K.L.:
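Sending over a structure as structure tokens; questions will come in a sec.
Keep in mind that what you see is a predicted model, and the values were worked out from it rather than measured. Convention: sequence-line order gives letters A, B, ...; per-chain numbering from 1.
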There are 2 protein chains.
Amino acid sequence: MPDLSIDVVAKAAGVHRSTVSRAFSRPEAVKSETREHILRVAEGLGYTMSPLAQALRRKTSTFIPLIVPDITNPFFAELAKTMTQAADERGYQLLLCVTNGDPAKTDGYFTAMQAMYAPFGIVAPSTKVDTEALKRFAFGHKVVVIDRVEGDDAVPTVTVDSRRGIMLALDHLHSLGHTSIGYVSGIAGTHTAQDRMDAYLELSAESGSAPVVLDSGSDLDAGTRGAEHFLEMENPPTAIIAANDMVAFAVISALGRSGVRVPEDVSVIGFDGLALGARFNPPLTTIRQPIADMGHIAIELAEKQNIDGSVDHIVLEPELLVRSSTSGPRT
Amino acid sequence: MPDLSIDVVAKAAGVHRSTVSRAFSRPEAVKSETREHILRVAEGLGYTMSPLAQALRRKTSTFIPLIVPDITNPFFAELAKTMTQAADERGYQLLLCVTNGDPAKTDGYFTAMQAMYAPFGIVAPSTKVDTEALKRFAFGHKVVVIDRVEGDDAVPTVTVDSRRGIMLALDHLHSLGHTSIGYVSGIAGTHTAQDRMDAYLELSAESGSAPVVLDSGSDLDAGTRGAEHFLEMENPPTAIIAANDMVAFAVISALGRSGVRVPEDVSVIGFDGLALGARFNPPLTTIRQPIADMGHIAIELAEKQNIDGSVDHIVLEPELLVRSSTSGPRT
DNA sequence: TCGATTGCTGAGATCGGTTGCAATAACAGT
DNA sequence: ACTGTTATTGCAACCGATCTCAGCAATCGA
């Protein structure tokens with residue numbers, strides 16, 4: 001097919017290319033009659049505007065990068081999924097950027113997004129390290145973060161209330177009769193992970209029971225190690241809170257390998273609300289984060305900031321999702 | 001920061017912009033002395049070339065779209081992960097495109113990739129439907145497909161040998177002593193899914209045992225339904241092959257809810273080799289697909305095609321990955 | 001010593017749009 | 001009929017590179 005530029009459409013429609021341009025991007029600036037004619041002609045030719053050329057001239061594009069540490073982690077996958085949708089509902093095109101936890105890549109993506117004239121970007125950081133790169137760029141460029149941020153007044157953020165989530169988990173477990181409740185820490189060194197841990201420590205203390213941190217590591221094997229630790233204890237807790245669903249899976253799996261059954265022998269509750277949890281064995285009781293909402297809100301926040309410069313910090317409410325990995329303690 | 005274009009670098013270095021351009025994209029065409037000076041100056045200014053402007057002028061970019069139906073499915077997530085890496089090892093930038101199984105979106109992405117001057121694209125189709133859109137575009141534009149394709153001589157493809165995979169599974173199960181082996185179908189209506197099913201049917205027959213298809217659906221609940229069907233049978237098989245890991249998870253989960261234990265009561269083997277499987281309860285025995293290889297090869301194939309126009313069809317060897325969801329039949 | 005090659009750099013058109021400004025047409029008011 | 005808007009459209013410069021064509025100096029063969 002012969003290269004389809006704005007000029008060929010213009011010629012075909014018998015108008016100047018600027019008129020074609022306006023017909024597409026500023027409809028009210030061209031007589032409706034002319035516009036419809038142009039659009040019809042364009043349609044017939046199968047013409048679409050080049051996003052590249054547009055971005056170059058306008059110095060602003062519709063590409064919006066979503067920076068995540070690991071798309072293999074279902075939490076980020078679900079986030080990516082809802083965000084792509086939220087994005088193109090508003091005419092944006094989401095670019096998925098995977099850092100694999102490499103801060104250098106994060107940096108690279110930031111400069112790339114700048115070069116692509118992205119109007120803003122979304123970051124779901126894996127470690128506090130990213131925060132540095134973030135600060136360097138966030139100042140000049142619009143970024144919204146899916147996490148809490150140190151001295152978080154500079155960039156908009158959206159998170160869920162970690163404390164409330166842990167509270168929900170604790171309450172659920174208490175109401176089932178558990179009094180000794182352990183904790184296995186999360187995958188990454190994010191503020192969110194930290195917050196959950198802190199909340200557990202505080203709330204445990206408040207309720208009078210001694211906190212039992214089975215593992216405070218931050219890698220994928222935290223779950224496995226936590227389970228090992230659990231197995232070695234003389235007087236193990238009767239329930240375990242996992243910092244997120246993935247480690248809950250690992251915990252249950254590791255426990256299962258040693259013949260410990262969930263929830264018969266010990267209850268386990270996760271944190272995330274992944275769809276996957278419903279198909280785990282057993283289906284995972286968990287604290288659900290409204291991931292879809294987070295996606296939409298992140299974009300809204302970014303747009304809002306672009307318009308009136310406001311920097312908001314939204315914190316969403318988590319909710320308890322009871323499935324089958326928790327029950328009363330064995331008697 | 002003042003807009004950093006090639007001209008400001010040129011001015012700063014005291015040369016013409018075409019020289020700067022060459023210094024970056026055709027190093028051998030400029031005196032090494034000059035080049036180094038330019039590069040130094042550019043470095044100092046923190047200058048990077050605009051990929052947009054480059055793509056526009058060159059009519060070819062380094063954006064390469066990866067079109068997948070659902071990033072939430074760990075198979076595609078792992079594929080995306082290894083492909084991003086493979087991609088930027090070669091200087092490409094992967095754009096993740098999620099269709100949610102909507103053919104219209106597939107179409108949209110194709111035209112978008114065209115507009116972005118992508119040198120080629122990678123498609124992991126969800127249904128045969130995508131194939132149509134594919135044919136419409138693949139002719140004019142380079143696309144490599146992660147699946148088999150009808151009359152597959154037009155586009156390069158990479159797949160794993162489904163028949164061999166099923167054979168591996170069957171052999172494993174047979175060697176454990178199973179003779180009655182059921183099958184639960186896969187998630188999507190891809191050729192791959194079809195091939196696995198066909199292979200099961202054929203190989204079962206060959207080995208003299210009647211095939212037992214527990215569910216042939218193609219949605220996420222195939223696993224659940226398969227399990228239900230299993231529970232209703234008077235004489236259920238002693239082992240189950242799941243068309244992919246995700247349905248294996250669902251099967252085991254559903255079975256577990258009814259008190260049927262894996263592998264004690266029934267063995268289950270998956271197909272994919274997801275990392276997740278290692279942390280399932282129990283850890284999943286499965287047929288591993290070399291996903292990382294698929295990613296690299298897909299890109300190699302595309303490049304090769306771009307160069308010498310060759311259209312190859314690579315089929316990779318799957319391998320058996322024994323974990324804990326299979327054992328001898330209960331006696 | 002002189003024309004021919006070779007190596008390096010500058011000019012300027014071009015990629016596909018956007019946009020401020022000027023020009024023309026259409027419409028009102030008096 | 002004449003002038004002051006207002007609605008439309010054309011003109012041309014510009015966004016940030018790339019690339020062909022020339023120009024110019026240095027090197028080479030005879």
Side-chain angles (χ1 to χ4, degrees), chain A residues 1-39 41-42 45-63 111-119, chain B residues 1-39 41-42 45-63 91 93 111-119:
Chain A
M1 58 207 82
D3 269 3
L4 222 43
S5 79
I6 196 173
D7 285 297
V8 341
V9 178
K11 215 149 301 166
V15 298
H16 190 265
R17 69 179 187 293
S18 49
T19 305
V20 177
S21 171
R22 286 190 275 258
F24 279 93
S25 14
R26 217 136 35 77
E28 75 286 0
V30 66
K31 203 196 329 182
S32 59
E33 205 176 319
T34 325
R35 170 163 37 91
E36 276 163 26
H37 172 228
I38 295 180
L39 260 27
V41 171
L45 266 49
Y47 166 81
T48 344
M49 289 224 162
S50 158
L52 265 51
Q54 285 192 156
L56 180 58
R57 182 59 234 245
R58 290 179 168 163
K59 280 171 170 301
T60 172
S61 69
T62 57
F63 303 127
T111 86
M113 80 169 253
Q114 190 180 169
M116 302 264 290
Y117 297 114
Chain B
M1 60 206 83
D3 270 4
L4 222 42
S5 79
I6 196 173
D7 284 296
V8 343
V9 178
K11 216 149 299 168
V15 298
H16 190 267
R17 71 179 186 295
S18 40
T19 306
V20 177
S21 171
R22 290 186 195 103
F24 277 93
S25 15
R26 215 137 35 77
E28 75 287 358
V30 68
K31 205 197 326 183
S32 60
E33 207 176 318
T34 324
R35 170 164 36 94
E36 278 163 25
H37 172 229
I38 294 179
L39 261 27
V41 171
L45 266 47
Y47 166 81
T48 342
M49 289 223 166
S50 159
L52 265 50
Q54 284 192 156
L56 179 59
R57 182 60 233 248
R58 290 179 166 163
K59 281 172 170 299
T60 172
S61 70
T62 58
F63 303 127
Q93 162 92 41
T111 85
M113 80 170 252
Q114 191 179 170
M116 303 264 290
Y117 297 114

K.L.:
State whether the number of non-hydrogen atoms from other residues, nucleotides or ligands found under 6.0 Å of E28(B) atom CD is greater than 12.
P.N.:
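Above 12, so yes.
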K.L.:
Given axes from five pairs at either end, by how many degrees does the helix from dT1(C)-dA30(D) to dT30(C)-dA1(D) bend, rounded to 10°?
P.N.:
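The helix from dT1(C)-dA30(D) to dT30(C)-dA1(D) shows an end-to-end axis angle of 40°.
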K.L.:
Tell me: CD of E33(A) to P of dA7(D), nearest whole Å?
P.N.:
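In whole Å, dA7(D) P and E33(A) CD are 17 Å from each other.
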K.L.:
Shoot me the first and last contacting nucleotide of DNA chain C against chain A, ordered 5' to 3', at under 4.0 angstrom to non-hydrogen atoms.
P.N.:
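Contact boundaries, 5' end first: dG16(C) to dG20(C).
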K.L.:
Between OG of S5(A) and CG of L45(A), what distance do you get to the nearest 0.5 Å?
P.N.:
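Taking OG in S5(A) and CG in L45(A), the distance rounds to 10.0 Å.
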K.L.:
Could you walk me through whether V41(B) and H37(B) pass the side-chain contact (heavy atoms from CB on, under 4.5 Å) test, one step at a time?
P.N.:
CA-CA 6 Å; V41(B) 171; H37(B) 172 229; 3.5 Å; yes
K.L.:
Please encode protein proximity along nucleotides 10-17 of chain D as a string of B, S and -, counting only heavy-atom distances under 4.0 Å.
P.N.:
BBBBBBBB
K.L.:
Could you report the tightest heavy-atom contact between I38(A) and A13(A), atom names first, then the distance?
P.N.:
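I38(A) and A13(A) have their closest heavy atoms at CG1-CB, 4.3 Å.
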K.L.:
Can you name the salt bridge (charged side-chain N to carboxylate O under 4.0 Å, His left out) partners of R22(B), sequence neighbours left out?
P.N.:
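With neighbours one apart ignored, the set is empty.
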K.L.:
Taking the six-membered ring for Trp and the single ring otherwise, decide whether the centroids of F24(B) and Y47(B) are under 6.0 Å apart.
P.N.:
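Aromatic pair counts; centres sit under 6.0 Å.
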K.L.:
For residues 50-57 of chain A, run the donor-acceptor check on the side chains, cut-off 3.5 Å, and write out each pair with its distance to 0.1 Å, sequence neighbours left out.
P.N.:
residue, atom, partner, partner atom, Å
S50(A), OG, L52(A), N, 3.3
S50(A), OG, A53(A), N, 3.1

K.L.:
Give A55(B) one of three labels, base, sugar-phosphate or nothing, depending on what nucleic acid heavy atoms sit under 4.0 Å from its own.
P.N.:
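No contact at all - A55(B) keeps every heavy atom at 4.0 Å or more from the nucleic acid.
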K.L.:
Ignoring hydrogens and geometry, is there a side-chain-to-backbone donor-acceptor pair from R17(B) to I6(B) under 3.5 Å?
P.N.:
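Judged by distance alone, no pair lies under 3.5 Å.
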K.L.:
Name all residues meeting the side chain to side chain donor-acceptor pair (under 3.5 Å) criterion together with H16(B); count only those two or more places apart in sequence or in a different chain, and write none if there are none.
P.N.:
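Scan of H16(B) (side chain to side chain donor-acceptor pair (under 3.5 Å), adjacent residues dropped) gives S18(B).
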K.L.:
Which pair of non-hydrogen atoms, one from G46(A) and one from L4(A), has the smallest distance, and what is that distance?
P.N.:
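Closest heavy-atom pair between G46(A) and L4(A): O-CD2, 3.5 Å.
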